[in-house]
Amino acid sequence: AALGSGAADAVEVALGEADPEVLATTRAAVDRSRQLTIDYYSYGRDEHSTRVVDPYRLVARDGHWYLLAHCHTAGGERLFRVDRVRSATMGEAGFDRPAAEVDAGFDLSESPR
């Protein structure tokens, strides 16, 4: 309404090409604090790997969705571009969120939780 008539056609926000099913599963795992197993493509190493992560939050930045998570394979917090996740499966195991906000070196000051 603030943009006036025709606003529905004037504003379009598209974030990456993330698979809708992967995004929905990831969002559910974040909301429920449940571990997630992902098949992830690492652009820098040009390889796929399967990782078990504790998903802390989804972040929209620079036109892409990112998952901020503790990666059990890497042994620390990492950012995963969601459009590079080929599959995501929510597990039964839960996890405790860290007491302090984790940012993995990524400016999260204005991102949605």
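Given the structure is predicted, the values throughout are model-derived calculations rather than measurements.
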task = Give, for atom OG1 of Thr73 and atom OH of Tyr40, the distance between the pair rounded to the nearest 0.5 Å.
result = 12.5 Å
key: Rounded distance (nearest 0.5 Å) linking atom CG of Leu79 with atom CZ of Arg61   = 10.5 Å
note = Applying side-chain hydrogen bond (donor to acceptor under 3.5 Å, both in side chains) to Arg84 and not counting sequence neighbours gives none
inquiry  = How close do Ile38 and Ala88 get, counting heavy atoms only, and between which atoms?
reply    = CG2-CB, 4.1 Å
request  = Report the residues that fulfil salt bridge (charged side-chain N to carboxylate O under 4.0 Å, His left out) with Asp39, sequence neighbours left out, ordered by chain and then residue number.
outcome  = Arg86
message = Glu47: which residues meet the side-chain hydrogen bond (donor to acceptor under 3.5 Å, both in side chains) condition with it, sequence neighbours left out?
response = Arg45
request  = Check side-chain hydrogen bond (donor to acceptor under 3.5 Å, both in side chains) between Arg27 and all other residues, then give those that pass, not counting sequence neighbours.
outcome  = none
Just distance, no hydrogens or angles: give the donor-acceptor pairs under 3.5 Å from side chains in residues 28-36, sequence neighbours left out.
unit_1, atom_1, unit_2, atom_2, d
Ser33, OG, Arg97, NE, 3.2
Ser33, OG, Arg97, NH2, 3.4
Arg34, NE, Gly91, O, 2.7
Arg34, NH2, Gly91, O, 2.9
Gln35, NE2, Asp54, OD1, 3.1
Gln35, NE2, His72, NE2, 3.3

key: ILVMFWY clustering at 4.5 Å (side-chain atoms), partners of Val52   = none
message = Minimum heavy-atom separation for Tyr66 and Arg81, please, with both atom names.
response = CE2-CG, 3.2 Å
inquiry  = The criterion is side-chain hydrogen bond (donor to acceptor under 3.5 Å, both in side chains); which residues satisfy it with Ser49, sequence neighbours excluded?
reply    = Arg51
ask   = So if you build clusters from Ile, Leu, Val, Met, Phe, Trp, Tyr with side-chain heavy-atom gaps below 4.5 Å, do Val53 and Tyr41 land together?
value = no
query = Any idea which heavy atoms bring Pro55 and Phe95 closest together, and the distance?
reply = O-CZ, 3.1 Å
task = Identify which one of Val85, Thr26, Val22, Leu58 satisfies the side chain to side chain contact (heavy atoms under 4.5 Å, CB included) criterion when paired with Trp65.
result = Leu58
Which atom of Arg78 lies closest to which atom of Cys71, heavy atoms considered = CG-CB, 4.0 Å
